[in-house]
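Following: one structure in structure tokens, then a few remarks.
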Amino acid sequence: FVVSQTILEFGRDNLQDVLLRQEQRDVLFGYEDSVRNVLSNVRLTFFTILLRQRQLEERRKTLEGFQSRFDQIQKKEAERRTPQVDVLTARLNVLNEELRINALRREIHRRQADLLRFLGLPIALVDVQLEGTLEDFQLDVELAVRLALERSTRVAQARASVWEQRRLAR
């Protein structure tokens with residue numbers, strides 16, 4: 001049974017050691033970047049769904065207003081108190097709002113399927129209800145830059161490469 005350990009290291013690093021460390025860093029930062037991308041995609045999709053659901057609720061309220069206005073104009077038109085163009089405009093407003101609502105529903109459905117795909121769950125669960133809230137937050141430029149630099153795998157990889165180059169230059 002033999003135990004060996006390098007106590008002191010003199011001279012330049014072995015080229016294979018340098019290449020091995022570089023490969024290890026590349027794999028590690030590639031993995032961290034992949035994890036960060038997955039988390040970012042999940043968060044983005046999740047909060048986009050919540051935002052679109054909020055927009056859908058607002059669109060439904062707007063549709064109710066347009067529908068109410070259209071009903072009023074139809075009654076006036078039956079009494080011949082309003083021009084036909086007003087009736088057509090009101091109907092067009094209702095149809096446009098219905099179109100926007102349908103587009104939002106389709107987008108929500110598509111993003112829910114994307115979220116389930118990110119989570120590795122069956123697409124059959126696409127009508128799952130999400131729980132969460134959109135919170136308002138404020139971010140100033142300095143904090144945003146600092147957070148981006150701290151959390152960026154590319155910056156961390158470049159920092160590690162600089163550290164390795166300094167180590168080799170000694």
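Because the structure is predicted, anything quoted here is derived from the model rather than measured.
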List the steps and the verdict of side chain to side chain donor-acceptor pair (under 3.5 Å) for E97 and N93.
CA-CA 6 Å; E97 203 57 34; N93 289 338; over 6 Å; no

As a quick check of understanding, evaluate side chain to side chain contact (heavy atoms under 4.5 Å, CB included) for F70 and V87, giving each step before the final call.
CA-CA 7 Å; F70 177 63; V87 175; 4.1 Å; yes

Please assess F47 against L51 for the test side chain to side chain contact (heavy atoms under 4.5 Å, CB included), listing each intermediate value before the final yes or no.
CA-CA 6 Å; F47 288 118; L51 179 65; over 6 Å; no

Tell me, with the steps shown, if L95 and L99 meet side chain to side chain contact (heavy atoms under 4.5 Å, CB included).
CA-CA 6 Å; L95 292 174; L99 180 68; over 6 Å; no

For side chain to side chain contact (heavy atoms under 4.5 Å, CB included), just list the numbers for L50 and R54, CA-CA rounded to whole Å, side-chain angles, deciding distance to a tenth of an Å, and then say yes or no.
CA-CA 6 Å; L50 291 179; R54 183 187 288 177; over 6 Å; no

Worked check of salt bridge (charged side-chain N to carboxylate O under 4.0 Å, His left out) between E58 and K61:
CA-CA 5 Å; E58 293 300 318; K61 291 176 187 174; 3.7 Å; yes

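With hydrogens and angles disregarded, no donor-acceptor distance shorter than 3.5 Å links the side chain of D86 to the backbone of T82. For T89 (side chain) and V85 (main-chain N/O), a donor-acceptor pair under 3.5 Å exists by modelled atom type.
In terms of heavy-atom proximity, I73 sits nearest to A90 at CD1-CB, 3.8 Å. Taking each heavy atom of F118 and V42 in turn, the nearest pair found is CB-CG2, 3.7 Å.
Around atom CZ of R25, more than 12 heavy atoms belonging to other residues, nucleotides or ligands sit under 6.0 Å away.
You'll find the side chain of P83 stays beyond 4.5 Å of the side chain of E77, heavy atoms only.
Looking at R117 and D114, a side-chain N of the basic residue comes within less than 4.0 Å of a carboxylate O on the acidic one, giving a salt bridge. Between R146 and E150, at least one side-chain N (NZ, or NE/NH1/NH2) sits under 4.0 Å from a carboxylate O, which counts as a salt bridge.
Taking hydrophobic clusters as Ile, Leu, Val, Met, Phe, Trp and Tyr residues chained together by side-chain heavy-atom distances below 4.5 Å, F29 does not share a cluster with V162. Residues I108 and L119 fall within the same hydrophobic cluster, defined by Ile, Leu, Val, Met, Phe, Trp and Tyr side chains chained together at heavy-atom separations under 4.5 Å. Note on L121 and L115: same hydrophobic cluster, where clusters join Ile, Leu, Val, Met, Phe, Trp and Tyr whose side-chain heavy atoms are under 4.5 Å apart, directly or indirectly.
Here CD of Q74 is found 8.0 Å from CD of Q67. Values are rounded to the nearest 0.5 Å. Between the OG atom in S40 and the CG atom in D33 there is a gap of 10.0 Å [rounded to 0.5 Å]. Atoms CG and CZ, on L39 and R36 in that order, are 8.0 Å from each other to the nearest 0.5 Å. The CZ atom of R111 sits 14.0 Å away from atom CG of L116, with the distance rounded to the nearest 0.5 Å.
With R52 as the partner, the side chain to side chain donor-acceptor pair (under 3.5 Å) test is satisfied by one option alone out of E57, H109, E107, Q112: E107.
Checking R21 against Q24 by side-chain atom types alone, no donor-acceptor pair falls below 3.5 Å. Judged purely by distance below 3.5 Å, without hydrogens or angles, the side chains of D26 and Q157 pair a donor atom with an acceptor atom.
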